[in-house]
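Read through the structure below, which is laid out as C-alpha coordinates, and then see the notes.
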Amino acid sequence: MKTLIELFQSQLKDMYDAEKRIAKALPKMTKAATCKKLQAAFENHLLETEGHIENLEGVFECFGWSPKAVTCKATVGLLEEAETLISDFDGSIALNAALISAAQKVEHYEIASYGTLHAWALLLENESAAELISEILEEEKATNDILTDLALEKNQEAMGELYATGVGSDTDDE
(Lines give C-alpha, C1' and ligand atoms only; values in the text may rest on other atoms or scores of the structure.)
Protein backbone atom coordinates (compact mmCIF):
# COMPACT_ATOMS: atom_id res chain seq x y z
CA MET A 1 0.00 0.00 0.00
CA LYS A 2 1.36 3.42 -1.00
CA THR A 3 1.43 6.18 1.61
CA LEU A 4 1.20 9.96 1.57
CA ILE A 5 4.90 10.29 2.27
CA GLU A 6 5.67 8.17 -0.81
CA LEU A 7 3.33 10.34 -2.87
CA PHE A 8 4.99 13.46 -1.46
CA GLN A 9 8.46 12.15 -2.34
CA SER A 10 7.31 11.20 -5.85
CA GLN A 11 5.89 14.66 -6.52
CA LEU A 12 8.92 16.34 -4.97
CA LYS A 13 11.15 14.47 -7.44
CA ASP A 14 8.79 15.54 -10.22
CA MET A 15 9.07 19.22 -9.30
CA TYR A 16 12.84 18.98 -8.88
CA ASP A 17 13.02 17.84 -12.50
CA ALA A 18 10.52 20.51 -13.55
CA GLU A 19 12.58 23.33 -12.05
CA LYS A 20 15.76 22.07 -13.70
CA ARG A 21 14.01 21.93 -17.08
CA ILE A 22 12.54 25.41 -16.60
CA ALA A 23 15.99 26.76 -15.75
CA LYS A 24 17.24 25.44 -19.10
CA ALA A 25 14.24 26.80 -21.03
CA LEU A 26 14.13 30.34 -19.62
CA PRO A 27 17.24 31.61 -21.47
CA LYS A 28 15.66 30.48 -24.78
CA MET A 29 12.43 32.26 -23.89
CA THR A 30 14.36 35.38 -22.87
CA LYS A 31 16.19 35.39 -26.19
CA ALA A 32 12.95 34.94 -28.14
CA ALA A 33 11.10 37.76 -26.37
CA THR A 34 11.14 41.14 -28.09
CA CYS A 35 9.81 43.09 -25.10
CA LYS A 36 12.40 44.36 -22.62
CA LYS A 37 9.99 44.00 -19.68
CA LEU A 38 9.28 40.38 -20.61
CA GLN A 39 12.98 39.66 -21.04
CA ALA A 40 13.62 41.12 -17.59
CA ALA A 41 10.78 39.05 -16.10
CA PHE A 42 12.25 35.87 -17.60
CA GLU A 43 15.77 36.77 -16.42
CA ASN A 44 14.49 37.46 -12.90
CA HIS A 45 12.53 34.23 -12.87
CA LEU A 46 15.62 32.30 -13.92
CA LEU A 47 17.36 33.57 -10.78
CA GLU A 48 14.33 32.60 -8.71
CA THR A 49 14.20 29.18 -10.39
CA GLU A 50 17.80 28.54 -9.41
CA GLY A 51 16.75 29.37 -5.84
CA HIS A 52 13.78 27.02 -6.17
CA ILE A 53 16.16 24.18 -7.05
CA GLU A 54 18.16 24.95 -3.91
CA ASN A 55 14.99 25.12 -1.81
CA LEU A 56 13.84 21.77 -3.17
CA GLU A 57 17.21 20.29 -2.26
CA GLY A 58 16.55 21.66 1.23
CA VAL A 59 13.15 19.95 1.29
CA PHE A 60 14.77 16.63 0.41
CA GLU A 61 17.21 17.22 3.29
CA CYS A 62 14.32 17.97 5.68
CA PHE A 63 13.15 14.42 5.12
CA GLY A 64 16.64 12.88 5.11
CA TRP A 65 16.51 12.08 1.40
CA SER A 66 19.07 12.66 -1.34
CA PRO A 67 17.82 15.01 -4.07
CA LYS A 68 16.66 13.05 -7.09
CA ALA A 69 14.73 14.06 -10.18
CA VAL A 70 12.12 11.99 -11.98
CA THR A 71 10.99 13.18 -15.41
CA CYS A 72 8.14 15.66 -15.09
CA LYS A 73 6.08 14.76 -18.15
CA ALA A 74 3.78 17.76 -17.68
CA THR A 75 6.67 20.22 -17.79
CA VAL A 76 8.22 18.42 -20.75
CA GLY A 77 4.95 18.90 -22.63
CA LEU A 78 4.49 22.51 -21.58
CA LEU A 79 8.04 23.41 -22.61
CA GLU A 80 7.66 21.60 -25.94
CA GLU A 81 4.56 23.71 -26.53
CA ALA A 82 6.56 26.84 -25.69
CA GLU A 83 9.22 25.88 -28.25
CA THR A 84 6.51 25.35 -30.87
CA LEU A 85 5.02 28.76 -30.13
CA ILE A 86 8.43 30.40 -30.42
CA SER A 87 8.91 28.77 -33.81
CA ASP A 88 5.38 29.39 -35.07
CA PHE A 89 5.21 33.04 -33.98
CA ASP A 90 8.81 34.13 -34.56
CA GLY A 91 8.76 37.59 -36.12
CA SER A 92 5.11 38.13 -35.26
CA ILE A 93 3.75 40.90 -33.07
CA ALA A 94 1.92 38.09 -31.23
CA LEU A 95 5.20 36.40 -30.19
CA ASN A 96 5.35 38.06 -26.78
CA ALA A 97 1.70 37.18 -26.08
CA ALA A 98 2.49 33.58 -27.06
CA LEU A 99 5.52 33.49 -24.76
CA ILE A 100 3.50 34.88 -21.87
CA SER A 101 0.80 32.30 -22.47
CA ALA A 102 3.33 29.48 -22.44
CA ALA A 103 5.02 30.84 -19.32
CA GLN A 104 1.73 31.22 -17.47
CA LYS A 105 0.79 27.63 -18.23
CA VAL A 106 4.02 26.57 -16.58
CA GLU A 107 3.42 28.92 -13.64
CA HIS A 108 -0.10 27.60 -13.09
CA TYR A 109 1.20 24.02 -13.08
CA GLU A 110 3.86 25.00 -10.56
CA ILE A 111 1.38 26.88 -8.35
CA ALA A 112 -0.92 23.84 -8.26
CA SER A 113 1.97 21.48 -7.55
CA TYR A 114 3.56 23.58 -4.83
CA GLY A 115 0.21 24.26 -3.20
CA THR A 116 -0.33 20.53 -2.93
CA LEU A 117 3.22 19.81 -1.73
CA HIS A 118 2.86 22.54 0.90
CA ALA A 119 -0.37 21.03 2.22
CA TRP A 120 1.19 17.58 2.34
CA ALA A 121 4.32 18.84 4.13
CA LEU A 122 2.04 20.31 6.80
CA LEU A 123 0.12 17.04 7.09
CA LEU A 124 3.42 15.21 7.40
CA GLU A 125 4.28 17.66 10.21
CA ASN A 126 7.47 18.91 8.58
CA GLU A 127 7.33 22.65 9.19
CA SER A 128 10.79 23.28 7.74
CA ALA A 129 9.87 21.62 4.45
CA ALA A 130 6.51 23.45 4.40
CA GLU A 131 8.29 26.79 4.84
CA LEU A 132 10.72 26.13 1.97
CA ILE A 133 7.85 25.09 -0.30
CA SER A 134 5.81 28.12 0.77
CA GLU A 135 8.67 30.41 -0.30
CA ILE A 136 8.68 28.81 -3.75
CA LEU A 137 4.89 29.01 -4.00
CA GLU A 138 4.84 32.72 -3.18
CA GLU A 139 7.50 33.47 -5.82
CA GLU A 140 5.57 31.47 -8.43
CA LYS A 141 2.41 33.44 -7.64
CA ALA A 142 4.31 36.73 -7.88
CA THR A 143 5.78 35.72 -11.24
CA ASN A 144 2.32 34.84 -12.50
CA ASP A 145 1.07 38.28 -11.41
CA ILE A 146 3.91 39.96 -13.33
CA LEU A 147 3.10 37.89 -16.41
CA THR A 148 -0.59 38.78 -16.11
CA ASP A 149 0.26 42.48 -16.07
CA LEU A 150 2.51 42.06 -19.12
CA ALA A 151 -0.18 40.03 -20.88
CA LEU A 152 -2.64 42.91 -20.67
CA GLU A 153 -0.24 45.05 -22.68
CA LYS A 154 1.07 42.41 -25.10
CA ASN A 155 -2.32 40.85 -25.80
CA GLN A 156 -3.61 44.30 -26.78
CA GLU A 157 -0.68 44.70 -29.18
CA ALA A 158 -1.48 41.31 -30.72
CA MET A 159 -5.11 42.42 -31.15
CA GLY A 160 -3.93 45.54 -32.95
CA GLU A 161 -2.35 43.32 -35.57
CA LEU A 162 -5.58 41.37 -35.88
CA TYR A 163 -7.67 44.47 -36.54
CA ALA A 164 -5.06 45.96 -38.88
CA THR A 165 -5.45 42.90 -41.12
CA GLY A 166 -9.24 43.22 -41.08
CA VAL A 167 -9.76 39.85 -39.37
CA GLY A 168 -11.89 41.20 -36.52
CA SER A 169 -13.93 43.64 -38.55
CA ASP A 170 -17.64 43.50 -39.28
CA THR A 171 -16.98 42.59 -42.92
CA ASP A 172 -15.80 39.13 -41.82
CA ASP A 173 -19.25 38.26 -40.49
CA GLU A 174 -20.79 37.77 -43.93
Side-chain angles (χ1 to χ4, degrees), residues 11-12 14-59 69 71-118 131-173:
Q11 294 306 294
L12 183 62
D14 187 75
M15 291 311 296
Y16 190 54
D17 180 72
E19 293 291 4
K20 288 181 168 196
R21 290 178 187 279
I22 293 164
K24 288 180 184 175
L26 280 167
K28 294 176 194 172
M29 294 175 76
T30 301
K31 185 178 178 184
T34 61
C35 167
K36 297 275 188 223
K37 289 180 192 174
L38 183 55
Q39 290 170 341
F42 286 155
E43 288 169 354
N44 184 58
H45 196 56
L46 174 58
L47 296 174
E48 289 178 346
T49 300
E50 291 166 351
H52 298 168
I53 292 167
E54 290 176 16
N55 277 11
L56 289 174
E57 290 168 352
V59 174
T71 301
C72 179
K73 294 178 184 176
T75 300
V76 169
L78 291 169
L79 294 177
E80 284 176 358
E81 182 177 340
E83 287 181 19
T84 299
L85 288 171
I86 290 168
S87 174
D88 289 352
F89 287 87
D90 187 34
S92 164
I93 196 164
L95 175 62
N96 291 316
L99 286 166
I100 294 166
S101 170
Q104 283 196 289
K105 287 178 184 182
V106 172
E107 290 307 309
H108 291 185
Y109 176 75
E110 289 180 299
I111 290 166
S113 297
Y114 287 122
T116 299
L117 284 171
H118 180 258
E131 180 60 33
L132 289 168
I133 294 165
S134 180
E135 289 174 21
I136 298 170
L137 179 59
E138 292 310 309
E139 286 183 351
E140 299 295 4
K141 289 178 179 178
T143 296
N144 186 62
D145 289 344
I146 290 166
L147 290 170
T148 296
D149 290 344
L150 285 169
L152 295 173
E153 178 184 332
K154 296 302 152 190
N155 291 346
Q156 193 63 41
E157 286 178 14
M159 286 297 294
E161 179 184 73
L162 179 69
Y163 286 108
T165 62
V167 173
S169 69
D170 293 335
T171 59
D172 285 347
D173 294 336

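In this chain, residues are counted from 1 in sequence order.
- Between Arg21 and Cys72, the shortest heavy-atom distance links the atoms NE-N, 4.5 Å.
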Please report the C-alpha distance between Lys20 and Lys24 in whole Å, then the side-chain angles of each, then the deciding distance to 0.1 Å, and finally whether the side-chain contact (heavy atoms from CB on, under 4.5 Å) criterion is met. CA-CA 7 Å; Lys20 288 181 168 196; Lys24 288 180 184 175; 5.7 Å; no
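- Minimum heavy-atom separation, Ala102 to Leu85: CB-CD1, 4.0 Å.
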*asked:* Walk me through whether Leu38 and Leu147 qualify under side-chain contact (heavy atoms from CB on, under 4.5 Å).
replied: CA-CA 8 Å; Leu38 183 55; Leu147 290 170; 4.0 Å; yes
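- Side-chain contact, Thr34 with Asn96: a donor N or O sits under 3.5 Å from an acceptor N or O.
- Residues Leu99 and Ala32 come closest through the heavy atom pair CD1-C, 3.9 Å.
- Side chains of His108 and Glu140: no donor on one and acceptor on the other come within 3.5 Å.
- Note that the CG atom of Asn44 and the CD1 atom of Ile146 stand 6.5 Å from one another [nearest 0.5 Å].
- Side-chain contact of Thr116 with Gln11: a donor-acceptor pair under 3.5 Å is absent, judged by distance alone.
- The CD atom of Glu83 sits 9.5 Å away from the CE atom of Met29 when rounded to the nearest 0.5 Å.
- For the residue pair His45 and Glu107, a side-chain donor N or O sits within less than 3.5 Å of a side-chain acceptor on the partner.
- Taken to the nearest 0.5 Å, the CD1 atom of Ile111 stands 7.0 Å off from the NZ atom of Lys141.
- At a threshold of 4.5 Å between non-hydrogen side-chain atoms, the residues Glu135 and His52 do not count as touching.
- Shown here for Glu157 and Ile93, the closest heavy-atom pair between the two residues is O-CD1, 3.9 Å.
- In Phe89, the CZ atom is not crowded: 12 or fewer heavy atoms of neighbouring residues, nucleotides or ligands sit closer than 6.0 Å.
- Although no hydrogens or angles enter the test, the distance criterion places a donor-acceptor pair under 3.5 Å between the side chain of Thr30 and the main chain of Leu26.
- Heavy atoms only, all atoms of each residue included: Ile53 and Glu19 are closest at CG1-CB, 3.7 Å.
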Evaluate the criterion side-chain contact (heavy atoms from CB on, under 4.5 Å) for residue pair Asn55 and Ile133; output intermediate values, then yes/no. CA-CA 7 Å; Asn55 277 11; Ile133 294 165; over 6 Å; no
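- The main-chain N or O of Lys73 is never found under 3.5 Å from a side-chain atom of Thr71 such that the two would form a donor-acceptor pair.
- The structure places CZ of Phe42 at 8.5 Å from CG of Leu150, a figure rounded to the nearest 0.5 Å.
- A distance-only check finds a donor-acceptor pair linking the side chain of Gln39 to the backbone of Ala33 [under 3.5 Å].
- Residue Ile86 comes nearest to Lys28 through the heavy atom pair CD1-O, 4.4 Å, listed as atom of the first residue, atom of the second, then distance.
- Here the straight-line distance linking atom CD of Glu48 with atom CD of Glu43 works out to 12.5 Å at 0.5 Å rounding.
- For the atom pair OG1 of Thr75 and OH of Tyr109, the computed distance is 5.0 Å after rounding to the nearest 0.5 Å.
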